[in-house]
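Notes follow the structure.
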Amino acid sequence: QRRQQAGGPLAGVKVLITAGPTHEPIDPVRYLANRSSGKQGYAIAQACADLGAQVTLVSGPVALRPPAGVTFIACESACEMRDHAMAALPVDVAICAAAVADWRPDHVAGQKIKKQDRTSVPPPLVLVPNPDILAELSEPSPMRPRLVIGFAAETQDVHEHAQAKWRRKGCDWIVANDVSPATGHMGGDTNQVQVITRDGVEAWPEMDKTALAGELARRVAAWLARHPR
Ligand code: CTP
Ligand code: CA
């Protein structure tokens, strides 16, 4: 177990982190989900706490133990994740590492949907859009965190897609990574990212998710020091 740095560079700083996938129920036994191990988000929560931050980690279902020294809130669906994230405000910094399902079934069956017999037609799945938590956190408002950071998991044209996402979402930084299957980043222990800010794009070398989390936490601390309230 690690010790939090009492006078660390993030002492007194409140950080909200979303992590993991979301599960969107279809009926009591079925759901739609995204692939996400939660490793990167949990590592960031740990790294921020290690630097002295007060961390709230809102997490979808993952097979990881919550890091020590963080306020941990478990949730399942995107709507629950949004509600918990908004309830955690005000914070200084929000980091959205969750792989939120973009859509959810428009109706959740109260009972298990039965397949009748082997030849019956599958029921249609009608989807509706989920709230975009990163975009909501980025909206101009007195409650807006001073620094909002999103992730962009892409499988092709990483830079172009991430740049467009950064503009569309209204967040301050986008951490873009290539999650195409050949990289092994999805579910793996390493990541290779480009960080997009107003100042341009920085390509970071491939590193351990823990090392990347530490680097990101230090960058956040440096940014806050340069931009005092
Ligand atoms: N995000 C979010 N809420 C959503 C969807 C995404 O908070 N409903 C956040 C993610 O946590 C991530 C960022 O937005 O930080 C980008 O997510 P991504 O799925 O890559 O972007 P989308 O805008 O959903 O675009 P697409 O899935 O089409 O690439
Ligand atoms: Ca998405």
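Counting starts at 1 for both ligands and their atoms, following the listed order.
- What you find for A109 and P28 is that their closest heavy atoms are O-CD, 3.4 Å.
- We find that E136 and R82 are joined by a salt bridge, their nearest charged nitrogen and carboxylate oxygen being less than 4.0 Å apart.
- Atom NZ of K14 sits in a sparse spot, with 12 or fewer heavy atoms from other residues, nucleotides or ligands closer than 6.0 Å.
- When all heavy atoms are compared, the tightest approach of P131 to A78 is CG-O, 4.4 Å.
- Note on R146 versus D92: salt bridge recorded, some NZ/NE/NH1/NH2 to OD/OE distance being below 4.0 Å.
- Within the protein, the number of N, O or S atoms lying under 3.0 Å from the Ca ion (ligand 2) is 2.
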Run through all N or O atoms in ligand 1 and write down each protein N or O closer than 3.5 Å, as a pair with its distance.
unit_1   : atom_1 : unit_2 : atom_2 : d
ligand 1 : 3 (N)  : I133   : N      : 3.0
ligand 1 : 7 (O)  : I133   : N      : 3.4
ligand 1 : 7 (O)  : L134   : N      : 2.8
ligand 1 : 8 (N)  : P131   : O      : 2.8
ligand 1 : 11 (O) : C96    : O      : 3.4
ligand 1 : 11 (O) : A98    : O      : 2.6
ligand 1 : 14 (O) : K169   : NZ     : 3.2
ligand 1 : 15 (O) : C96    : O      : 2.6
ligand 1 : 15 (O) : F151   : N      : 2.8
ligand 1 : 15 (O) : F151   : O      : 3.2
ligand 1 : 20 (O) : K165   : NZ     : 2.7
ligand 1 : 21 (O) : K165   : NZ     : 3.2
ligand 1 : 23 (O) : R168   : NH2    : 3.3
ligand 1 : 23 (O) : K169   : NZ     : 2.8
ligand 1 : 24 (O) : D102   : OD1    : 2.9
ligand 1 : 27 (O) : D102   : OD2    : 3.3
ligand 1 : 29 (O) : K165   : NZ     : 2.8

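- Between E160 and K165, no side-chain nitrogen of the basic residue sits less than 4.0 Å from a carboxylate oxygen of the acidic one, so the salt-bridge criterion is not met.
- For E24 and S77, the side-chain atoms include no donor-acceptor pair closer than 3.5 Å.
- In this structure, D132 does not pair ionically with R168, as no charged nitrogen and carboxylate oxygen lie closer than 4.0 Å.
- A heavy-atom distance below 4.5 Å is found between the side chains of I95 and V15.
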